[in-house]
Enquirer: 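First, the structure itself, so that you have it in front of you.
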Amino acid sequence: MRSIATINQKGGVGKTTTAVNLSAALARMGQRVCIIDLDPQAHASLHLGLSPADSSLSTYGVLTGDVSLEQARVQVAENLWVVPAHLDLAAAELELAGEVGREIILRDKFAEDTAEFDFLILDCPPSLGVLTLNALTAAKEVFLPLQPHFLALHGLSKLLRTLELVAKRLNPTLRLTGIVYCMYESGTRLAAEVSSDVQDFFESLHASDSVWNRARTFNSRIRRNIRLAEAPSFGQSIFDYAPSSHGSEDYQALALEVMGFDPTLPAPRENESASASSLTFVD
Ligand code: ADP
Ligand code: MG
């Protein structure tokens with residue numbers, strides 16, 4: 001089983017859109033997928049048509065109460081389940097402030113869960129607080145959605161330091177395995193420049209056994225596509241809302257790429273793989 005957290009402490013970069021549509025694509029390809037919505041804004045849950053009335057049957061109840069993942073989990077499509085979020089989750093940070101081991105609650109709940117999935121996808125809020133720490137402690141992989149604009153790198157060192165600390169203190173298996181460009185405007189100079197800055201940034205970090213030495217930039221860029229922005233208000237994934245859109249095409253391609261690599265191996269070097277993009281990060 002693979003467990004992937006979509007992380008970026010910036011809002012509006014495509015974390016939720018990626019968590020939801022990548023999950024839906026994987027589910028349609030026959031993979032059993034469960035999304036864990038860790039954002040109090042519950043965008044991933046709403047995107048899939050869920051809005052739990054009872055806050056205990058949500059990630060709030062899972063993190064602050066005795067509720068199991070199984071009790072809170074809802075099936076939304078063939079092969080696709082969601083543990084939804086509730087607005088009350090916003091209070092979890094404070095409520096858990098004095099609790100010993102508050103960063104490992106989700107990991108313990110994962111360990112108690114007997115259901116089998118091929119993928120657990122954890123959608124995180126735009127902060128590096130206790131909710132995101134629970135995701136980083138429970139997951140093995142991090143995907144970093146980036147919007148290629150000139151502030152894309154801003155705050156990235158802080159994010160990487162957090163990943164490093166979590167790997168050192170709480171979860172030695174954690175690795176940043178994928179960078180997903182979202183809202184990509186192909187052909188623009190800005191997108192090309194930012195992509196090349198991001199590559200330089202990761203290459204400058206150059207460490208052989210670091211949290212990011214397995215990071216790859218996915219060849220599938222998610223193009224800016226209005227259908228992706230419209231789908232959430234219909235409570236549908238892009239595949240139900242606009243199956244022949246660019247958004248649907250791009251997330252299907254991403255899902256194939258995600259299934260096709262071994263997250264325990266470093267990303268291939270540029271000249272070792274014909275399929276590697278010119279932006280593939282080296283270890
Ligand atoms: P985050 O979870 O990082 O805050 P979202 O996934 O919610 O970001 O995306 C922010 C906004 O941008 C949402 O309104 C979403 O519908 C829209 N959006 C995301 N990806 C795309 C895209 N490729 N094209 C157009 N709009 C997008
Ligand atoms: Mg989000």
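Since we're looking at a predicted model, the values are computed, not measured. Just follow the structure's listing: the first ligand is 1, and inside any ligand the first atom is 1.
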Enquirer: Using a 4.0 Å cutoff against the non-hydrogen atoms of V13, which atoms of ligand 1 qualify?
Expert: 1 (P), 3 (O), 8 (O)

Enquirer: Have a look at G11, C124, G247, A229 and point out the one with the heavy atom closest to atom 26 (N) of ligand 1.
Expert: A229

Enquirer: Step through the shown structure and confirm whether more than 12 heavy atoms of other residues, nucleotides or ligands are within 6.0 Å of CZ on R223.
Expert: yes

Enquirer: Under a plain distance cut-off of 3.5 Å, with no hydrogens placed, do S220 and Y251 share a side-chain donor-acceptor pair?
Expert: no

Enquirer: Going by a strict under-4.0 Å cutoff (protein heavy atoms only), does atom 15 (C) of ligand 1 have a neighbour on the protein?
Expert: yes

Enquirer: Are any of the N/O atoms on K15, whether in the backbone or the side chain, positioned under 3.5 angstrom from an N/O atom of ligand 1?
Expert: yes

Enquirer: If hydrogens are left out, which of T16, N225, D39, L146 has an atom nearest to atom 7 (O) of ligand 1, that is, the closest non-hydrogen atom?
Expert: T16

Enquirer: Can you list the ligand 1 atoms lying under 4.0 Å from a non-hydrogen atom of I222?
Expert: 23 (N)

Enquirer: Under 4.0 angstrom from ligand 1, any heavy atom of G12?
Expert: yes

Enquirer: Between the main-chain N or O of K140 and the side-chain N or O of S3, is there a donor-acceptor pair closer than 3.5 Å?
Expert: yes

Enquirer: Among all protein heavy atoms, pick the one closest to atom 27 (C) of ligand 1 and tell me residue, atom and distance.
Expert: M183 CG, 3.9 Å

Enquirer: What protein heavy atom sits nearest atom 8 (O) of ligand 1, and how far off is it?
Expert: G14 N, 3.1 Å

Enquirer: Are R2 and F261 in a cation-pi contact, defined as NZ or CZ under 6.0 Å from the six-membered ring centre and within 45° of the axis?
Expert: yes

Enquirer: Mark up the atoms of ligand 1 that fall under 4.0 Å of a heavy atom belonging to L228, in ascending order.
Expert: 16 (O), 22 (C), 23 (N)

Enquirer: State whether D39 and K15 are salt-bridged, where the test is any N-O pair (Lys NZ or Arg NE/NH1/NH2 against Asp/Glu carboxylate O) under 4.0 Å.
Expert: no

Enquirer: Minimum distance, heavy atoms only, to atom 19 (C) of ligand 1: which one of D250, T18, T17 is it?
Expert: T17

Enquirer: Just wondering, is there an N, O or S atom on T17 that's nearer than 2.8 Å to the Mg ion (ligand 2)?
Expert: no

Enquirer: I'd like to know whether CD of E70 has more than 12 heavy-atom contacts from other residues, nucleotides or ligands below 6.0 angstrom.
Expert: no

Enquirer: For D37 and T59, which I'm curious about, is there any donor-acceptor pair between the side chains at under 3.5 Å?
Expert: no

Enquirer: What is the closest protein heavy atom to atom 23 (N) of ligand 1, and at what distance does it sit?
Expert: R223 O, 2.9 Å

Enquirer: Can you check whether a protein heavy atom sits less than 4.0 angstrom from atom 12 (O) of ligand 1?
Expert: yes

Enquirer: Hey, what's the ring geometry for Y241 with F234, parallel, tilted or perpendicular (30° and 60° as the breaks)?
Expert: parallel

Enquirer: Looking at K109 and E112, is there a salt bridge between them, counting it only when a charged N and a carboxylate O are closer than 4.0 Å?
Expert: no

Enquirer: Determine, counting only non-hydrogen atoms of the protein, whether one lies under 4.0 angstrom from atom 21 (C) of ligand 1.
Expert: yes

Enquirer: Using 4.0 Å as the upper bound for N to carboxylate O, is an ion pair formed by R214 and E141?
Expert: no

